[in-house]
Amino acid sequence: MKMNKEEIVEKILELKQKRNAVILAHNYQLGEIQDIADYIGDSLGLSQKAAQVEAKVIVFCGVHFMAETAAILAPDKTVLIPDKNAGCPMAEMITAEEMREWKKNYPGRKVVCYVNTTAEVKAECDICCTSSNASRVVESLEEEEILFAPDKNLASFISRTSKKRIIPWDGYCYVHNNIHANHITLKKNLHPDAEVWVHPECRPEVIDLADKVFSTGQMIKEARITEKNEIIIGTEAGIIYRLQKENPSKKFYSAKDLALCSNMKKINLKKVLRSLEQMVHRVEVPAEIREKALGSIQRMINI
Ligand code: 13P
Ligand code: SF4
């Protein structure tokens, strides 16, 4: 039977209660998903939420590494991802084997891994970080030389304020790396009074043009308190939906209209419904990997 959007939403809400489930959604999710989510946030906020919620089931609307982090932090809960192919290409740019080989070339160095990595890679690292705490995590280490994987742009952003030598892995996010300086200048010409906020996964020349560099969660917070009425946003365009919805008197322009993460957009209402109906797709992390990866994540949370 074909259901309309309202019927699908109604069914999701009904099943959510029946299963004792919560829906967590990343800031880049489709508007229809943000509208039914119990909590929307950035990578750090979502993983913390996963560890705190009392529900038995977490329907994670985001990409695979985020659901995996939730599964690591909440092993007693059932974590479901509505589309098992919603991966993060950047997270797949380094494997655990590559990480082990890389570390051999730099004996004694501490390894920081961005949360956008697989659980196997996290298990090989000393400490994890997200876009909202990367500099703080690096500065918390005593060592002067740090290996950082996989995002070379985030590594370069940290280097701007750190005296440490950051040795980057050659990874990047295809969405942020495709936002170029000319996209920013073009939008700046169209909206000369607008402030420019960009994500630290952007290229260095884009960071140079920004007024502020924020994680997605920091953008959401700052949008509520800024006195600026117009802001150009240099990150995945899905965040504009939430920014605009929460701040109707302000104007948010995407630095690049087609800055879309196709992986994030794989999740839709129908798939969330199927996820709750069939309890698919379960995200599980083998115990020994989980234990080591949890160490990296926990060391970050403790800072
Ligand atoms: P945030 O932690 O800032 O939400 O970033 C996650 C991400 O995947 C950015 O592309
Ligand atoms: Fe990964 Fe980039 Fe998509 Fe974020 S926007 S999930 S880093 S591919």
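Atom set for the values below is all heavy atoms of this structure, side chains included, hydrogens, waters and symmetry mates excluded. First listed ligand is number 1; within each ligand, the first listed atom is number 1.
Side chain of Q218 to main chain of S215: a donor-acceptor pair is present (N/O by atom type, distance under 3.5 Å, no hydrogens or angles). Here the side chain of S162 pairs no donor or acceptor atom with the backbone of S159 at under 3.5 angstrom.
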**OP:** Given side-chain contact (heavy atoms from CB on, under 4.5 Å), test E201 with N177 step by step and report yes or no.
**Re:** CA-CA 7 Å; E201 287 176 18; N177 215 50; over 6 Å; no
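Here atom 2 (Fe) of ligand 2 has protein N, O or S atoms under 2.8 Å from it, and they come to 1.
Hydrophobic clustering, with ILVMFWY side chains joined whenever heavy atoms are under 4.5 angstrom apart, groups L273 together with V9.
No more than 12 heavy atoms of other residues, nucleotides or ligands lie within 6.0 Å of NZ in K251, so this atom counts as exposed by the packing criterion. In the displayed structure, Y172 atom OH is contacted under 6.0 Å by at most 12 heavy atoms of other residues, nucleotides or ligands.
For the residue pair T235/Y28, the side-chain donor-acceptor check at 3.5 Å is satisfied. Side-chain contact check for E120 and T95: no donor-acceptor pair (N or O, by modelled atom type) lies under 3.5 Å.
Looking at E230 and K250, no side-chain N of the basic residue comes within less than 4.0 Å of a carboxylate O on the acidic one, giving no salt bridge. Ionic pairing of R100 and E124 is present here: one or more N-O contacts between side-chain nitrogen and carboxylate oxygen are shorter than 4.0 angstrom.
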Ligand-protein N/O pairs under 3.5 Å (ligand 1):
| unit_1 | atom_1 | unit_2 | atom_2 | d |
| --- | --- | --- | --- | --- |
| ligand 1 | 2 (O) | S43 | N | 3.2 |
| ligand 1 | 2 (O) | S43 | OG | 2.8 |
| ligand 1 | 2 (O) | S131 | OG | 3.3 |
| ligand 1 | 3 (O) | S131 | OG | 2.7 |
| ligand 1 | 3 (O) | H199 | NE2 | 2.8 |
| ligand 1 | 3 (O) | T216 | N | 2.9 |
| ligand 1 | 4 (O) | H26 | NE2 | 2.6 |
| ligand 1 | 4 (O) | T216 | OG1 | 2.6 |
| ligand 1 | 5 (O) | H199 | NE2 | 3.3 |
| ligand 1 | 8 (O) | N116 | ND2 | 3.3 |
| ligand 1 | 10 (O) | Y28 | OH | 3.4 |
| ligand 1 | 10 (O) | E201 | OE1 | 3.0 |
| ligand 1 | 10 (O) | E201 | OE2 | 3.3 |

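Taking every heavy atom of V63 and a limit of under 4.0 angstrom, the matching atoms of ligand 2 come to 6 (S).
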